[in-house]
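Each ligand, and each atom within it, is numbered from 1 in the order the structure gives. Nothing fancy with the numbering, it's 1 onward along the sequence.
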Amino acid sequence: MVKIAEKYSRLQDQIPNDVTLLVATKERSTKEIQQVIQAGASVVGENYTRPEAQKKYEQLDSTRDQVEWHLIGHLQKNDINTALTLFDVIQSVESYEKAGHIDKRVEKAGRDLVPVYIEVNSAREDSKYGIDPEFDTLYSLLNRCAQLNHICVKGLMTMGPYVENPEEIRPYFRRTKQLFDKARDLDLPNCDIETLSMGMTGTYQVAIEEGANMIRLGTAIFGPRS
Ligand SMILES: *Cc1c(COP(=O)(O)O)cnc(C)c1O
């Protein structure tokens with residue numbers, strides 16, 4: 001069996017330097033997370049604020065400060081206060097309402113400015129969160145977020161549909177990249193789009209080809225989830 005550290009290093013060597021490898025740690029033990037951090041991981045992503053991320057955060061103790069924590073799963077309104085104590089970046093903002101709820105709670109969490117990404121539902125799936133993949137929709141959301149002084153929109157994130165063949169996801173990644181390019185050119189307060197987070201174990205190569213500069217990998221590093 002190839003060790004976690006080895007898999008992580010191999011992947012890190014494989015991907016271009018300007019692409020950030022976020023390690024998706026849902027359902028992985030604190031020990032596994034420790035191993036990947038020791039191997040040099042610098043960004044981890046969790047899906048569930050409570051109790052999962054909170055528990056691991058506590059158990060990891062000082063090791064947790066060696067990495068940036070990203071929330072990559074849906075954020076429930078009643079988890080926002082906790083999320084703001086755990087996560088450096090919230091990748092799953094899907095509405096102005098959610099952005100506003102976060103903004104309102106930032107100072108109480110002892111922070112000043114929280115980076116967030118907008119989640120794009122690139123294949124318009126009923127089962128997924130995110131805005132429709134339309135520039136008008138994104139633009140009006142960013143325009144409203146521009147008034148929120150305790151968040152800064154730093155990127156876009158998409159999951160895309162589940163596919164058997166990675167080629168099938170290409171049009172959705174391409175669409176999201178188009179939105180990213182247009183959003184990057186905007187000059188709005190509290191908006192400084194620089195990260196495009198897309199691609200998982202089965203699809204990260206296509207995502208990089210289509211312009212992702214952050215990929216989110218779990219299975220490729222830890223093996224299949226049980
Ligand atoms: C689980 C998950 C990943 C990683 O998926 P793998 O297929 O295990 O690499 C990435 N992003 C999100 C949002 C996830 O929930």
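A salt bridge does not link Asp13 with Arg10: none of the charged nitrogens is closer than 4.0 Å to a carboxylate oxygen. Salt bridge absent: Lys128 and Glu94 never bring a charged side-chain N and a carboxylate O closer than 4.0 Å. Salt bridge Lys154/Glu194: present, at least one basic N to carboxylate O contact under 4.0 Å.
Of all atoms in ligand 1, numbered sequentially from 1 with element shown, those under 4.0 Å from a heavy atom of Thr219 are 6 (P), 7 (O), 8 (O), 9 (O). Atoms of ligand 1 found under 4.0 Å from any heavy atom of Met159 (numbered from 1 in listed order, with element): 12 (C), 13 (C). Annotation for ligand 1: atoms under 4.0 Å from non-hydrogen atoms of Ala24 are 3 (C), 4 (C). Near Arg216, meaning under 4.0 Å from any of its heavy atoms, are these atoms of ligand 1: 4 (C), 9 (O), 10 (C), 11 (N), 12 (C), 13 (C). Within ligand 1, the atoms closer than 4.0 Å to a non-hydrogen atom of Leu217 are 9 (O), numbered from 1 in the order shown.
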What verdict does the side chain to side chain contact (heavy atoms under 4.5 Å, CB included) test give for Ile221 and Leu21, after you've listed the backbone C-alpha separation in whole Å, the side-chain angles of each residue and the deciding distance to 0.1 Å? CA-CA 11 Å; Ile221 296 165; Leu21 198 178; 3.9 Å; yes
side-chain hydrogen bond (donor to acceptor under 3.5 Å, both in side chains) evaluation trace for Tyr172 with Glu125: CA-CA 12 Å; Tyr172 306 103; Glu125 294 168 277; over 6 Å; no
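Scanning the protein for heavy atoms near atom 12 (C) of ligand 1, the closest one is Ile72 CD1, 3.7 Å. Looking from atom 10 (C) of ligand 1 to the surrounding protein, the closest heavy atom is Met200 SD, 3.3 Å. For atom 9 (O) of ligand 1, the closest non-hydrogen atom of the protein is Thr201 OG1, 2.5 Å.
Only the side chain of Asn47 comes within 4.0 Å of ligand 1, counting heavy atoms alone; its backbone N, CA, C and O stay farther away.
With distances taken over non-hydrogen atoms, the option nearest atom 14 (C) of ligand 1 out of Lys26, Met157, His74, Arg225 is Lys26.
For ligand 1, the polar-atom distance check against Arg28 finds no nitrogen or oxygen pair separated by under 3.5 Å. At a 3.5 angstrom cut-off on N or O pairs, Gly202 does not count as close to ligand 1.
Aromatic ring orientation, His74 versus Tyr129: parallel (interplanar angle below 30°, classes split at 30° and 60°).
Tyr96 OH: more than 12 foreign heavy atoms inside a 6.0 Å radius.
Sequence neighbours left out, not one pair with a member in residues 213-226 passes salt bridge (Lys or Arg N to Asp or Glu O under 4.0 Å).
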